[in-house]
Structures are given as structure tokens and as C-alpha cells.
Q: 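Sharing a structure below in C-alpha cells format, with a few things to ask.
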Amino acid sequence: MAQQSKTASLKDRFDHLLKVIASERFLKKQGLGNEVPFFICPYPADEAVAMEAMRASLVKQLENRGVRVIEINLYDLSIALLRDRGIWDEVLAAEQGIRKDELKELLQGVLDPETHLVPEIGARLTQEFDVLFLSGVGEVYPFIRSHNVLNNLQSTAKEKPTVMFFPGKYTHSLATGASLDLFGILRDDKYYRAFDITHYEI
């Protein structure tokens, strides 16, 4: 019974996402009050596999409706950047022999959102598209923080809507403001400029 409920819930979320993203209001960035067109699609971390399948199906369904999607997986992009700089094999070899904090410092320098990651994302946005999907958020933590990516994307990806698929919660409260809570546990620092797409109405 619980499995049926979860399946129904996933289907409901898929139907909502398809309806919202294919809508003229969403694609024309209406009702955002001049804010950047960034949307968070939160989901429980234990649904990551199901969400991956759902996202792939969503891309196909949207393309069938004439909505062009660029999907960028931050994990895949990070590996591509490390390979391009010729240090992927070195990182793999070093991982066994250095402390986690040293590895984190090394990768954060090489994968810095402002100087490396976001410029590469920008280079991939030169083709025609209607919406950008960002995924792989959980896989790149703690080397890349989602709020840093979004902050640095504001000038690069403001012309079209961006949807970040986030394994956790996007919470808002009067006391703490808005924050991205990775896996529903780790507070990935404050970020308030995005909209929760699950609450977006058309």
C-alpha cells in the first residue's frame, strides 16, 4: 500500500512538473516579480533513482511538446572539467592517500563555481533552449555547494528558466529564512532567490 502511495505521489509530481514547465506562463517567466527564474524541485533522497528516471521521461515529454531542455549533471560536468585539465587520474590516485579535508580543498579550487564551473555551464548554453535542468547536486557535495552554483549562475542563466533537482528540502521560515537542506539533514546554507516549483501555479 505504501509503495502504491509513493508511486502515485511520483506520478502526481511528474504530471505537475510537465504541466508547469510546458506552460506559457513558466516559459515566459511570468509572475516572478522580477526575480531570477530559478526553481528548486526538491525530492526525498531515497527517491533518487526514481527521480532520475522521471527526469529523463520529463525531458522526452517536454521535447514532444516543443519545449527544448538542456540538462547538465553537475557530477558529470565536474569529471569532464577534471579530465580537460588533465588531473582526473591524479585525483583518483591521490584520493586513497590524503585526508578528506585536503581532497575537499583541492577539488573546491579546481571546481570553483565562479571561475570554472559556471563559465563551463555558460559555454553549454549557447545553443537554443527553453529551460535548463541541473542535476547531480547530491553527488558533488561537499565539493560543490548548490547555493554557490545558483549565486554564480544569476548573471549567466537569467534569460531562461532553470530547474535544479534537489535531493532534500527547500525550506522557508520567518526565523531562519530560506535554506537548501541537502538530504533533508544538511543545511546547505541560505538561498532565497529560487522558487519551489512544486508550489508554482499556472
Side-chain angles (χ1 to χ4, degrees), residues 7 9-32 35-45 47-81 84 111 113 116-141 144-170 180 182 191 193-202:
T7 302
S9 175
L10 282 168
K11 184 181 185 306
D12 289 345
R13 278 182 279 165
F14 177 87
D15 291 343
H16 173 78
L17 286 171
L18 181 60
K19 186 176 180 181
V20 166
I21 297 173
S23 71
E24 185 175 351
R25 184 170 188 262
F26 178 87
L27 294 172
K28 290 190 174 181
K29 304 180 294 182
Q30 296 172 347
L32 304 183
E35 287 288 351
V36 289
F38 287 178
F39 297 83
I40 306 297
C41 179
Y43 61 92
E47 293 182 8
V49 174
M51 176 57 73
E52 189 171 333
M54 187 175 90
R55 192 171 59 247
S57 180
L58 185 62
V59 170
K60 288 182 181 178
Q61 292 281 350
L62 287 168
E63 289 179 347
N64 288 340
R65 297 183 180 209
V67 179
R68 299 162 298 182
V69 179
I70 289 181
E71 182 171 12
I72 296 177
N73 182 294
L74 295 176
Y75 179 75
D76 293 340
L77 179 62
S78 298
I79 291 176
L81 284 171
D84 287 346
L111 300 174
H116 298 296
L117 202 69
V118 168
E120 183 61 29
I121 291 174
R124 298 183 181 206
L125 301 183
T126 53
Q127 59 185 293
E128 291 292 320
F129 72 102
D130 299 301
V131 59
L132 168 64
F133 281 5
L134 289 178
S135 59
V137 171
E139 291 87 338
V140 296
Y141 179 88
I144 299 170
R145 307 291 289 269
S146 52
H147 72 283
N148 282 339
V149 174
L150 292 174
N151 278 328
N152 284 285
L153 262 182
Q154 286 175 182
S155 59
T156 302
K158 63 184 178 181
E159 301 303 322
K160 303 288 184 179
T162 293
V163 180
M164 175 179 276
F165 291 84
F166 188 81
K169 299 177 181 177
Y170 186 39
L180 291 158
L182 194 64
Y191 189 82
R193 299 200 68 179
F195 300 88
D196 187 332
I197 198 168
T198 61
H199 297 150
Y200 186 84
E201 297 181 2
I202 56 176

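Hydrogens, waters and symmetry mates are skipped; everything else that's a heavy atom, side chains included, is used. All residue numbers refer to positions in the sequence shown, counting from 1. Please read these numbers as outputs of a predicted model, since none were measured by experiment.
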Q: Show your reasoning for whether side chain to side chain contact (heavy atoms under 4.5 Å, CB included) applies to L182 and F166.
A: CA-CA 7 Å; L182 194 64; F166 188 81; 3.8 Å; yes
Q: Please tell me if the side chains of L153 and L134 come closer than 4.5 Å, counting only heavy atoms from C-beta onward.
A: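 Answer yes - side chains close enough.
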Q: Main chain of A53, side chain of S57: is a donor-acceptor contact present, judged purely on distance under 3.5 Å?
A: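 Between the backbone of A53 and the side chain of S57 there is no qualifying donor-acceptor contact (under 3.5 Å).
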Q: Indicate, with yes or no, if the rings of F39 and Y200 have centres closer together than 6.0 Å.
A: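 Aromatic pair counts; centres sit under 6.0 Å.
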Q: Between I72 and R124, is a side chain to side chain contact (heavy atoms under 4.5 Å, CB included) present by the stated rule, with each step listed?
A: CA-CA 9 Å; I72 296 177; R124 298 183 181 206; 4.2 Å; yes
Q: Between V36 and R193, does the side chain to side chain contact (heavy atoms under 4.5 Å, CB included) criterion hold? Intermediate values first, please.
A: CA-CA 7 Å; V36 289; R193 299 200 68 179; 4.2 Å; yes
Q: With a 4.0 Å cut-off, would you call D15 and K11 a salt bridge?
A: yes
Q: For D130 and P161, work out which heavy atoms get closest and say how close.
A: O-CD, 3.3 Å
Q: To the nearest 0.5 Å, tell me how far K29 NZ sits from K158 NZ.
A: 9.0 Å
Q: Tell me the closest heavy-atom pair linking L77 and E120, and the distance in Å.
A: CD1-CG, 3.4 Å
Q: Do you know which two heavy atoms are closest between R65 and A22, and how far apart they sit?
A: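 Where R65 meets A22 most closely, the heavy atoms are CD-CB, 4.0 Å.
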Q: Distance check, rounded to the nearest 0.5 Å: D76 atom CG versus E139 atom CD?
A: 8.5 Å
Q: For Y75, is the OH atom crowded, meaning more than 12 foreign heavy atoms sit under 6.0 Å from it?
A: no
Q: Could you walk me through whether F38 and M164 pass side chain to side chain contact (heavy atoms under 4.5 Å, CB included), step by step?
A: CA-CA 8 Å; F38 287 178; M164 175 179 276; over 6 Å; no
Q: How far does OG1 of T198 sit from CD1 of I40, to the nearest 0.5 angstrom?
A: 10.5 Å
Q: Assess whether atom CD of E63 is packed by more than 12 heavy atoms of other residues, nucleotides or ligands within 6.0 Å.
A: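 For E63, atom CD is crowded (more than 12 foreign heavy atoms under 6.0 Å).
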Q: Would you mind reporting whether E128 and R68 have side-chain heavy atoms less than 4.5 Å apart?
A: yes
Q: Can a donor-acceptor pair be found, under 3.5 Å and without considering hydrogens, that links the side chain of T126 to the backbone of A123?
A: yes
Q: Does H16 use its side chain to pair, donor to acceptor, with the backbone of I197 at less than 3.5 Å?
A: yes
Q: With rounding to the nearest 0.5 angstrom, report the SG to CZ distance, C41 to F133.
A: 8.5 Å
Q: Please report the interatomic distance CG(L81) to CG(L111), rounded to the nearest 0.5 Å.
A: 6.5 Å
Q: Search all heavy atoms of V131 against all heavy atoms of F26 and return the closest pair with its distance.
A: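 The answer is CG2-CE2, 4.1 Å.
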Q: Going by heavy atoms in the side chains, are L74 and I121 under 4.5 Å from each other?
A: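 A side-chain contact under 4.5 Å exists here.
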Q: Charged N to carboxylate O under 4.0 angstrom, E47 versus R13?
A: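 R13 and E47: salt-bridged.
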Q: So, for A48 and Y43, which heavy atoms are closest and what is the spacing to 0.1 Å?
A: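 Looking at all heavy atoms of both residues, the closest pair is CA-CE1, 3.9 Å.
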Q: Any non-hydrogen side-chain atom of L125 less than 4.5 Å from a side-chain atom of E159?
A: no
Q: Looking at R55 and E71, is there a salt bridge between them, counting it only when a charged N and a carboxylate O are closer than 4.0 Å?
A: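 Yes.
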Q: How many angstroms lie between atom CZ of F195 and atom CG of L32, to the nearest 0.5 angstrom?
A: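 So the CZ of F195 and the CG of L32 are separated by 4.5 Å.
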Q: Give the minimum heavy-atom separation between D196 and P42, together with the two atoms involved.
A: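 Here D196 and P42 meet closest at OD1-CD, 3.6 Å.
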